[in-house]
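Everything on this sheet refers to the single structure shown next.
What's counted below: heavy atoms across the whole structure, side chains too, no hydrogens, waters or symmetry copies. What you are looking at is a predicted structure, and each value in this text was computed from that prediction instead of being measured. Each chain gets a letter, A, B and so on, in the order the sequences are listed, and its residues count up from 1.
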Amino acid sequence: MLSEVFVIEGVLSAPTFEGWVRSHADRIGVAARFRESGADSVSVLVEGPPALLDAMEMACLLGPIDVWVERIVREAA
Amino acid sequence: MNWTPAALSQDIPSGSAAPGQLGDKDIVIWRSASGRIAAWSDRCPHRGMRLSHGFVRGEFLSCIYHGWRYGDGGQCHRIPAHPELTPPEAIKVPVFAVVESGGIVWVAEKDAEPADLPMEFAGFASFRTIRTTVPASIVAAAFGCTGLELRGTLGGTDVVLLLQPLTDGCNLHVLAADGTGPDQLDRVSVAVEALRRQAESVQEFAA
Amino acid sequence: MNGGAMRDQWYPVAIAAQLPQKGRDSLLLGEPIHIATDETGGARVTDGAGRILPIISRYGHIWTSLGQPEQDLFPIPEADQPGRRLVDVGSVKVRCSPLRAVENFLDIAHFPFVHTDILGSEPHTEVERYEVEIRDDVDEVWATKVKFYQPQAAKSAQGGITTEYMYRVPSPTCSILYKTSPPRPGEWDVITLFVQPLTEETCEVWPWMALFDDDSSMTDMIHFQQMIFVQDRSILENQIPALLPLDPGKEIPTRADMTSIAYRRWLKRHGYTYGAQLVAA
């Protein structure tokens with residue numbers, strides 16, 4: 001198990017984004033806790049096995065249609 | 001909700017998978033090497049490939065696209081591109097309730113599983129399924145009946161016809177009286193094909 | 001007017017060396033087009049109103065556009081490199097979104113299951129980490145350092161080898177694959193997938209190759225590649241939904257899907273959505 005902070009940057013003002021991230025985390029079985037939420041940056045604590053953290057990053061990079069994710073910086077928690 | 005007849009047991013031999021429907025949902029019906037039957041959503045959660053195109057090994061059904069392997073309860077057990085990962089419980093295929101009785105595979109929504117077991121048809125054995133693009137109501141009318149469970153004779157043999165509505169027509173699951181011999185069964189086949197053609201001509205005429 | 005931002009792109013509609021003598025009707029972005037041979041033996045492509053469309057003859061194919069392309073067709077420098085054999089593979093019609101056809105071409109994890117004992121085999125299923133980027137200077141998606149064990153990587157391959165791949169997406173319905181050339185390990189074989197979007201849910205796939213292979217017959221090389229695409233077609237026509245999702249909320253992409261995700265992000269950023277589904281369903 002790994003704990004990482006995902007700093008997600010982009011155009012993230014859509015109110016549905018946080019729910020979308022939580023819902024995807026539930027679908028793939030990783031824990032996701034929001035630490036900070038802004039219109040252009042969001043930071044989420046993500047916990048799970050390495051391959052699933054990668055999977056979480058893949059899904060969030062594309063995200064829902066009403067947000068644009070520019071990049072995700074992953075840092076050890 | 002009642003149980004829906006989705007296939008005949010004989011058409012899903014051990015180690016095979018086949019597409020089916022429950023209402024407007026596409027399902028995969030498959031049987032493991034040891035003979036366990038299952039009905040799941042016909043869509044791999046990875047990238048949407050139909051699981052009915054997949055392959056059965058032992059007690060698992062694998063997606064043909066990337067080999068994701070699923071077992072009891074729809075649980076994912078292996079992702080071949082990432083062999084080190086033990087997939088979490090969260091990754092699973094939605095499943096349906098399924099029970100076999102009288103040579104028929106019956107399915108129902110998992111959260112609306114009927115309290116009673118499916119109806120039994122004493123004195124009849126499952127024979128074959130044919131599919132038509134005609135709605136069940138027109139097939140029933142062509143047989144001189146209404147409803148989805150029809151009784152009568154075809155080719156001189158007593159039969160039960162179970163009609164399963166599909167999004168584009170219906171399945172006719174044919175049960176023939178116990179002890180019907182091969183020659184008689186051939187006549188049942190000819191008669192049920194004739195029934196289908198009759199129903200299809202009614203539909204064409206109506207259109 | 002179909003196609004949105006994709007209207008101004010170039011699309012393949014015919015093999016240049018096999019122009020239809022009596023003309024042929026086809027579709028592009030859901031609109032009727034007609035491909036014919038003119039008085040000089042060259043290609044002429046017209047739309048449903050009889051308007052003559054711009055054409056380019058390159059990489060073995062005739063390319064056209066319903067819009068006003070600002071740019072020339074993307075470059076493939078290897079096409080002019082001496083010693084390569086240029087192979088017009090032909091066309092395969094597929095009942096799938098043109099974008100799904102490209103996405104599948106970018107995928108290696110399916111090799112052991114869809115192209116069993118040819119491009120992959122169990123237990124060699126692991127996908128090692130590779131690199132993906134959107135190159136801003138050329139506005140292309142690139143995946144590099146992609147490695148996979150292959151029992152028979154090409155018609156010219158003798159036995160199993162670990163093949164290295166690079167993938168390139170220079171336009172929304174075209175992809176170019178560079179892979180280790182079995183007879184010339186220092187060079188890259190070039191295999192392309194040029195896709196003609198007929199409608200949002202049907203496409204014509206025109207593979208084309210520029211290979212180092214002095215031994216195989218042209219027929220054998222064509223048959224090898226056609227066999228691969230026919231195997232892919234059985235996948236492409238059975239994915240749900242038919243359109244390519246630009247929201248992965250009903251899917252589970254993993255690190256092995258990194259090229260797919262980069263391709264979809266690039267489509268999303270440019271509004272290349274003909275054949276795409278915007279909301280997960």
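A search for salt bridge (Lys or Arg N to Asp or Glu O under 4.0 Å) contacts involving B/D111 returns nothing, not counting sequence neighbours.
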Can you give me every donor-acceptor pair (side chain of residues 118-126 of chain C, partner residue at least two apart or in another chain, under 3.5 Å) with its distance?
unit_1 : atom_1 : unit_2 : atom_2 : d
C/E122 : OE1    : B/R57  : NH1    : 3.2
C/E122 : OE2    : B/R57  : NH1    : 3.3
C/E122 : OE2    : B/R57  : NH2    : 2.7
C/T125 : OG1    : B/P80  : O      : 2.8

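Summarising the geometry of B/M49 relative to C/S234, their closest heavy-atom pair is CE-O, 3.9 Å, with the distance given to 0.1 Å. Taking each heavy atom of C/F113 and B/I64 in turn, the nearest pair found is CB-O, 3.2 Å.
No more than 12 heavy atoms of other residues, nucleotides or ligands lie within 6.0 Å of CZ in C/R95, so this atom counts as exposed by the packing criterion. Enclosure of atom CD in B/E149 by more than 12 non-hydrogen atoms of other residues, nucleotides or ligands within 6.0 angstrom is indicated. Atom CE of B/M119 has 12 or fewer neighbouring heavy atoms from other residues, nucleotides or ligands inside a 6.0 Å radius.
When the candidates C/A109, C/P241, C/P245 are compared by the number of heavy-atom contacts under 4.5 Å with chain B, C/A109 comes out ahead. Contact count versus chain B (heavy atoms, under 4.5 Å) is highest, among C/V114, C/V127, C/I235, C/T116, for C/I235.
Ring-plane geometry between C/H110 and B/H66 is classed as perpendicular, the angle between the planes exceeding 60 degrees on a 0 to 90 degree scale with a lower cut at 30.
Applying the salt bridge (Lys or Arg N to Asp or Glu O under 4.0 Å) test to pairs two or more places apart or on separate chains, those with a residue in residues 7-31 of chain B are B/K25-B/E109, B/D26-B/R50, B/R31-B/E100.
Using a 4.5 Å cut-off between heavy atoms, C/D107 contacts chain B through its side chain alone, with no backbone atom that close. Only the side chain of C/R100 comes within less than 4.5 Å of a heavy atom of chain B; its backbone N, CA, C and O stay farther away.
In this structure, the side chains of C/I252 and B/W68 come closer than 4.5 Å at one or more pairs of heavy atoms.
Proximity to chain C at a heavy-atom threshold of 4.5 Å picks out B/D42, B/R43, B/P45, B/H46, B/R47, B/G48 from residues 36-48 of chain B, in numerical order.
In this structure, CG in B/L51 is found 11.0 Å from CG in C/N238, a value given to the nearest 0.5 Å.
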